[in-house]
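In what follows, a single structure is set out as structure tokens and then discussed.
Just so it is clear, the values below take in all heavy atoms, side chains as well, and ignore hydrogens, waters and symmetry mates. Numbers here simply count residues along the sequence, with the first being 1.
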Amino acid sequence: MSSGDSFTATHWGVYRPRVADGRLTALDPAPWDGAPSAIGRSVVDGIDAPARIRRPAVREGFLRHGPASRDGRGREPFVEVSWDEALDLAARELDRVRRDHGNAAIFGGSYGWASAGRFHHAQSQLHRFLNCIGGYTAHSDTYSLGAGRVLMPRILASMDDLMLSHTAWTSLEKHCELFVAFGGLPARNAQVGSGGASDHLVKPALGRLAAGGVRFVNVSPVRHDLDDVPGAEWIAIRPGTDTAFMLGLAHTLVRDGLADGDFLARCTVGYEEFRRYLTGEADGVAKDAGWAAAIAGVPAETIATLARRMAGSRTMMNLAWSLQRAVHGEQPFWMGVTLAAMLGQIGTPGGGLGVGYSVMNTMGSGRRRVTGPRLPQGRNPVDTAIPVARIADMLLNPGASYRYNGQTRRYPDIRLVHWAGGNAFHHHQDINRLVRAWRRPETVIVQDPFWTAQAKFADIVLPATTALERDDIGGATGDRFLVWMARALDPVGEARDDHAILAGLAGRLGVEAEFTGGLTTEEWLERLYEECRFNAPVPLPDFRSFLAAGLAEIPLVEPEKVLLQAFRADPDGSPLPTPSGRIEIGSATIAGFGLPDCPGHPVWRDPAGHPGLAGDDGPLHLLSCQPATRLHSQYDHGAVSRESKIAGREPIRIHPGDAAARGICNGDVVRVFNRRGAFLAGAVLTEGIRPGVLQIATGAWYDPVDPDTDGSLDAHGNPNMVTPDTGTSDLAQGCSAQSALVEVERVTGPLPEIRAFQPPRFVGRHET
């Protein structure tokens, strides 16, 4: 297909591709985008870089000895093979495992961020295929929001509903007076959207709010987490102490008579039990500002003054998702909801609560909920699913029991992993442990455009196309446009799109008609668009008109959207989807689970007491943030990300005092380590970080110096070498990456070569 206007949608923006002699020469940002992301420039040199997978390949040991050779994953060279041989081999393994061990022995891994395109959405394509062959073990939740996704439906609403209902930026501009950002408000995160980010909103909105007189308070160990508001006040708390800090704020509200009793009575349940805990009636410990100050490392008067300012202003509180990516990560979210309820401003224009402003582009857009095209995945006959952050636990401990969301479950015995899109060696914690786990299944199949660490640790590698090498439709719920993503390039090498790859497997397994639905790709695109158009609450052009224009704009019809406004006005007539219909400061449901690490109301739990951190004693707290120069690990090999490196390594922020004590200067390469592992990074000295804290972006491709040695140093700067692989609690089992304690030292002597962006070794082409 073709269009009159050529666009492509990425997770970080809409661009016009420029192509000369069959090669991409530029991606020009869409002319309407007032704050385009620079990441698009990485696609230009990254799309056909040496890291690109050009032909199907099989690990040499697997080709010769099959699953018995799995200890060679990540160590052995690959053999390039024909598509027929690769697909025959993959189909035989899938068939063997489902026949001998059942479909629950297949883990359908995919993390959903591979492309902004909605048809060529790797996760949906893979799950549809696996459902056609009898099902698979799935995952639930996300690394980004594991604790929040389990907790919030119990106490307020689902995270999906909250994300789509945030008070609009335009409303905040008119009504907000004070914006308190717990965990900061980094606009770098808001470069992206799940189905694209066609018009970047956050950075311009922050500028308008600041110019209009809104005062910002950044409660974070890192000043740079609110860089986009230069005049923001910074309260540099200790990492992981947000719950204690908020308890101190709440105690001040009670002590000074500033808690909104009417709102608490009308709109919440469980407050009285929590109040007894807060004041110390229940346990003899008053959680006052002085108590909180000793934990959070800030003056008590700072806490008390902020509480009074919040009560005396139209205040928006925002909870960054990073707060709940730590042990006991449920607590700061629960306490944040409780504090907002005590202030009584939930549901008011310009006030109340946000859960992830700046996390993704669409939060606060004020646009109607137009769900973009979605490929139907069918029904999974297998009812086994694990929390996504527990992958290594599952692979290492088949049959072991664990608690999750009020249930006791058992891990399945996974024999085959099939992964399309995503990179577990970016997302997952404690990579050395993951490597051990990854060598347990009998077979690993990976389809991806690039030789990431996950592909290098596979048995069968199937080269997939990128978004520019196929037609597709981009669009995120709440985004400004649906985008026709016209194919701009021929596939690199022998790459095929995920649908074609899986159709080839489906044909070999006897389910091709079921998988393809008897439709071509072009017919699927038209069908999915027309279904989206039919269900949209706003008028959209027909498919042919959409193709001709290249875009369909979603009207801005809710500029005064206010989160939970109807609930505030009439809690009985517009109840919340919680068991009580109210905000659950105290949850009888969670209390009934009997979990010592997550009781029935918000509490402070010292992270040092968490069993998953036993033995952690590093003097520095490492925070791993989202990168400004890529999405997760995508296009880390591209120009924008590479230009940000120091001596080829990922930059790490360190306070000058901590650096001086260790003889570290700006630009030095340092070794960051703890009992789990070690990585190299480039030091950036800054006063904008609390002493005793380090910060590094996630997403540097894992690059072991010696793949043959277990526990090898990572040469490139992947923080998950040292992060703990433990659940937030027995409630949510979320990711706890922000609870890492480390030491750092200056590196002297020769530096190891960076090989992250090189393809693996090959040992010839196998001919059948």
Side-chain angles (χ1 to χ4, degrees), residues 141 143-156 159 162 180-186 217-222 225 235-251 274 277-278 287 291-292 295-298 303 306-307 310 316-343 346 352-359 583-587 590 595 597-610 613 621 623-625 693 726-729 731-740:
D141 310 326
Y143 284 96
S144 297
L145 199 54
R149 283 195 174 277
V150 175
L151 172 73
M152 295 302 276
R154 303 276 187 193
I155 67 168
L156 188 64
M159 280 305 309
L162 291 172
V180 180
F182 292 96
L185 202 66
V217 179
N218 175 24
V219 184
S220 168
V222 186
D225 284 345
I235 300 177
I237 68 170
R238 289 191 181 109
T241 64
D242 300 85
T243 301
F245 184 93
M246 286 187 269
L247 282 164
L249 295 172
H251 189 280
F274 167 76
Y277 166 79
L278 179 68
K287 315 321 181 284
W291 170 89
I295 295 170
V298 297
I303 298 173
L306 179 60
M310 293 172 75
M316 173 58 71
M317 282 176 48
N318 184 64
L319 307 175
W321 290 3
S322 59
L323 304 184
Q324 50 86 65
R325 288 197 293 272
V327 295
H328 307 303
E330 297 82 1
Q331 299 308 319
F333 266 31
W334 203 345
M335 187 58 223
V337 171
T338 299
L339 178 60
M342 292 175 69
L343 288 167
I346 291 174
L353 180 70
V355 190
Y357 278 113
S358 90
V359 169
I583 298 169
E584 301 219 351
I585 294 173
S587 167
I590 294 176
L595 304 176
D597 58 1
C598 192
H601 59 72
V603 295
W604 165 248
R605 289 284 189 266
D606 188 342
H610 193 284
L613 302 183
H621 196 125
L623 300 176
S624 45
C625 61
V693 180
T726 187
T728 52
S729 78
L731 178 70
Q733 297 288 356
C735 155
S736 295
Q738 304 289 27
S739 295

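- Under the 3.5 Å distance criterion, the side-chain polar atoms of Asn318 are matched with a main-chain donor or acceptor of Gly356.
- The shortest non-hydrogen separation linking Ile590 to Pro599 is CG2-O, 3.5 Å.
- Aromatic ring orientation, His610 versus His328: perpendicular (interplanar angle above 60°, classes split at 30° and 60°).
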(request) Check step by step if side-chain contact (heavy atoms from CB on, under 4.5 Å) holds for Leu595 and Ser729. (result) CA-CA 9 Å; Leu595 304 176; Ser729 78; 5.5 Å; no

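- In terms of modelled atom types and a separation under 3.5 Å, the side chain of Trp291 and the main chain of Ala244 share no donor-acceptor contact.
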Do any side-chain atoms of residues 320-327 form donor-acceptor pairs under 3.5 angstrom with protein atoms, and if so which ones, sequence neighbours left out?
residue : atom : partner : partner atom : Å
Trp321  : NE1  : Val355  : O            : 3.0
Gln324  : OE1  : Ala147  : N            : 3.1
Gln324  : OE1  : Gly148  : N            : 2.9
Gln324  : NE2  : Ser144  : O            : 2.8
Gln324  : NE2  : Trp321  : O            : 2.8
Arg325  : NH1  : Ser144  : O            : 3.0

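- With hydrogens and angles ignored, the 3.5 Å screen pairs a side-chain donor or acceptor of Lys287 with a backbone N or O of Tyr277.
- Distance alone, capped at 3.5 Å, is enough to place a donor-acceptor pair between the Thr728 side chain and the Gly734 backbone.
- Considering every non-hydrogen atom in both Ala341 and Ile585, the closest pair reads CB-CD1, 4.3 Å.
- Here the closest heavy-atom approach between residue Ala292 and residue Ile303 is recorded as CB-CD1, 3.8 Å.
- Residues Ala236 and Val298 come closest through the heavy atom pair O-CG1, 3.8 Å.
- Side-chain contact check for Pro602 versus Glu330: every heavy-atom pair is 4.5 Å or farther apart.
- Separating the OG1 atom in Thr243 from the CH2 atom in Trp334 is a distance of 11.5 Å, to the nearest 0.5 Å.
- The shortest distance between side-chain heavy atoms of Phe182 and Met317 falls below 4.5 Å.
- Taking CG of Leu249 as the start and CG of Leu278 as the end, the distance is 10.5 Å to the nearest 0.5 Å.
- With rounding to the nearest 0.5 angstrom, the CZ atom of Arg149 is 7.5 Å from the CG atom of Asp141.
- Looking only at side-chain heavy atoms (C-beta outward), Asp242 and Leu319 stay at 4.5 Å or farther from each other.
- Two residues are said to be in side-chain contact when any heavy atoms from C-beta on lie closer than 4.5 Å; Ser587 and His601 fail this criterion.
- Residues Gly352 and Ala340 approach most closely at O-CB, 4.5 Å, considering heavy atoms.
- Taken to the nearest 0.5 Å, the CG atom of Leu353 stands 5.5 Å off from the CD1 atom of Ile346.
- Residues Tyr357 and Met316 are in side-chain contact: their nearest non-hydrogen atoms beyond the backbone lie under 4.5 Å apart.
- Distance check: Leu306 CG to Met246 CE gives 11.5 Å after rounding to the nearest 0.5 Å.
- The shortest distance between side-chain heavy atoms of Met310 and Leu339 falls below 4.5 Å.
- By the 4.5 Å heavy-atom criterion applied to side chains, Phe333 and Leu145 are counted as neighbours.
- In this structure the side chain of Gln738 never reaches within 4.5 angstrom of the side chain of Pro607, judged on heavy atoms.
- Residues Val603 and Gln331 come closest through the heavy atom pair N-OE1, 2.9 Å.
- Here Leu185 contributes atom CG and Asn218 contributes atom CG; the two are 8.5 Å apart, rounded to the nearest 0.5 Å.
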